[in-house]
Number of protein chains: 4
Amino acid sequence: MAGVNKVILVGNLGKDPEVRHLEGGNSVAHFTLATNEYYKDKQGTRVERTEWHNISAWRGLAELAAKYLKKGTQVYIEGKLRTRQYQDKDQQTRYITEIIADEISLLGGRPGGAGNGAASPSTDESVSLRQEPELDQLPF
Amino acid sequence: MAGVNKVILVGNLGKDPEVRHLEGGNSVAHFTLATNEYYKDKQGTRVERTEWHNISAWRGLAELAAKYLKKGTQVYIEGKLRTRQYQDKDQQTRYITEIIADEISLLGGRPGGAGNGAASPSTDESVSLRQEPELDQLPF
Amino acid sequence: MAGVNKVILVGNLGKDPEVRHLEGGNSVAHFTLATNEYYKDKQGTRVERTEWHNISAWRGLAELAAKYLKKGTQVYIEGKLRTRQYQDKDQQTRYITEIIADEISLLGGRPGGAGNGAASPSTDESVSLRQEPELDQLPF
Amino acid sequence: MAGVNKVILVGNLGKDPEVRHLEGGNSVAHFTLATNEYYKDKQGTRVERTEWHNISAWRGLAELAAKYLKKGTQVYIEGKLRTRQYQDKDQQTRYITEIIADEISLLGGRPGGAGNGAASPSTDESVSLRQEPELDQLPF
DNA sequence: TTTT
DNA sequence: TTTT
């Protein structure tokens, strides 16, 4: 029976998306997303906690991310968790957990309006896709 | 502004929860959860893909997890992502991403009914909590 | 800017799905879903509260619902809210809120195993779709 | 077994929240929220669809809604579905489906920054609560 | 390491 | 009208 693996985030990009064009015409965008949380510790002091997430967007969604998202942009992201292993420079097995984006919505009234250099999506373009990444083509 | 950091999973436990009792009376349970996904590859062959998640449940939710969950149990989990760093045995900095559970619901008609040895929750007990982990008391 | 309109439910069907075949080859399934909640009132008495939801599933998802879901089946449903207006028998305008399903996952170990008469999905069939209903073809 | 009844919305308020103070010191805020969706119809024409949701926020969350939200404010809302029945002016039984908010997050860089007259939340105040409405005190 |  |  199929399970459920769903992530929902609202936060701000830590850097501009990096896009790689893969053999076969596919592309993938990577960026980090910060989600902030505020709570009071035992002494009643207000504490801010920032969690950083690794986001991957594939194919059409990668192109849209490259076009409309920039460092600082506030977005809603829906996706799924994926943990990959890779060999580090010392040939040690390491693990990294990413969110593979299925949907991205720009938040705030007017993206690019505050002079952040990002394009504004025409309302004809939907910033939303749902597709399987091709794992054998992962760029790293 | 507070962001959103939410994870929703439906899957099966890979092992019995391990519970640790911390100084100060707190407790934390750890277990892994498998979420299964099915799709067809380019050749049209059906492929099963299993993603493994590290789950942490704190305090009252840890006690409930220890009491009612076992290897194989199907659960709905809602929580948030947290990536921690730690030093491995070679004093290298490593990262691990976990889901801190806020809510756990047992699925399927009759938990423990298949002779899996887990207790069945009395309907007076709510298998749901929402609380902040105390990070300075992390067991590892 | 596109918004977000998402519903996530885990509950049991109150009746077998009713499927209608529309002109043009489309089909739609309707059923109700009960979600149960337990809490203690001010007197400390345990109270059960059942919320009933109207679910609609379209096209391929309608066929799958008809095939695999029955009264009593426990399911995970993801979808979106839609409120429609219609004229009642006295020509009064009435409103009904439904969840248009995007994804349905059967829960519990063995659907149909308890002799409920529903078919068991072959693992080749995915009980998951994501598509736009055609509003001009609504059956009522 | 407890079910799941969860709604996640990102949209804009259609009007200022209306707050009622109930006997016993409780309060409740009501407002409508629009979620926009864009898609192409069969002719390839771009179509915008707006869905309107009835939101209720209770107690502390009602006060925060009254203080920080205004017509047009973009928010993230998490809550649950509740359908109530009431008697209309002709003593007919009617149904209304609402989302009872558990969490509300203001979106966009600077709430109130565009001169909309709403206060800006001090970072010491958390715009998030999770509590049961007292149904016997519903204001209508 | 789960489940079907 | 479901389920426990």
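Small disclaimer: the values here were computed from a predicted structure and weren't measured. Chain letters run A, B, ... following the sequence lines, proteins first and then strands; every chain starts at 1.
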*Is T50(B) touching bases, backbone alone, or none of the nucleic acid, heavy atoms closer than 4.0 Å?*
base
*Taking the side chain as every heavy atom from C-beta outward, state whether H21(C) and V19(C) have any pair of such atoms under 4.5 Å apart.*
yes
*Given atom CD of Q85(A) and atom P of dT1(E), what is their separation to the nearest angstrom?*
14 Å
*Step by step, would you call E51(B) with K80(A) a salt bridge (Lys or Arg N to Asp or Glu O under 4.0 Å)?*
CA-CA 10 Å; E51(B) 187 71 34; K80(A) 63 180 149 194; over 6 Å; no
_I want to verify a distance call: between dT1(E), dT3(E), dT2(F), whose nearest atom is closest to the K71(B) side chain?_
dT1(E)
_L107(C) CG - dT2(E) P separation (whole Å)_ = 20 Å
*Selection from dT4(E), dT1(F), dT3(F) that lies nearest to any side-chain heavy atom of K15(C)*: dT1(F)
*Less than 5.5 Å between centroids and less than 30° between ring planes, does W52(B) satisfy that with dT2(E)?*
no
*Out of dT4(E), dT3(F), dT1(F), which has the shortest distance to the side chain of Y38(B)?*
dT4(E)
*Contact class for G11(C) vs. all strands (heavy atom < 4.0 Å): base, sugar-phosphate, or nothing?*
nothing
*Test: E37(B) and R82(A) ion pair at under 4.0 Å*: yes
*Is there side-chain contact between T83(B) and I96(B), with at least one heavy-atom pair below 4.5 Å?*
no
*Report the distance from atom CG of L13(C) to atom P of dT4(F), rounded to the nearest whole Å.*
14 Å
_What is the separation between atom OH on Y39(B) and atom P on dT4(E), rounded to the nearest whole Å?_
21 Å
_Any salt bridge linking D88(C) with R94(C)? Criterion: basic side-chain nitrogen under 4.0 Å from a carboxylate oxygen._
yes
*Interatomic distance where CD belongs to E51(B) and P belongs to dT2(E) [whole Å]*: 16 Å
_Separation of atom CD in Q74(B) from atom P in dT1(E), rounded to whole Å_ = 21 Å
*Whole-Å distance between dT3(F) C1' and N5(D) CG?*
15 Å
_Rounded to whole Å, how long is the line connecting atom CZ of R46(C) with atom P of dT4(F)?_
13 Å
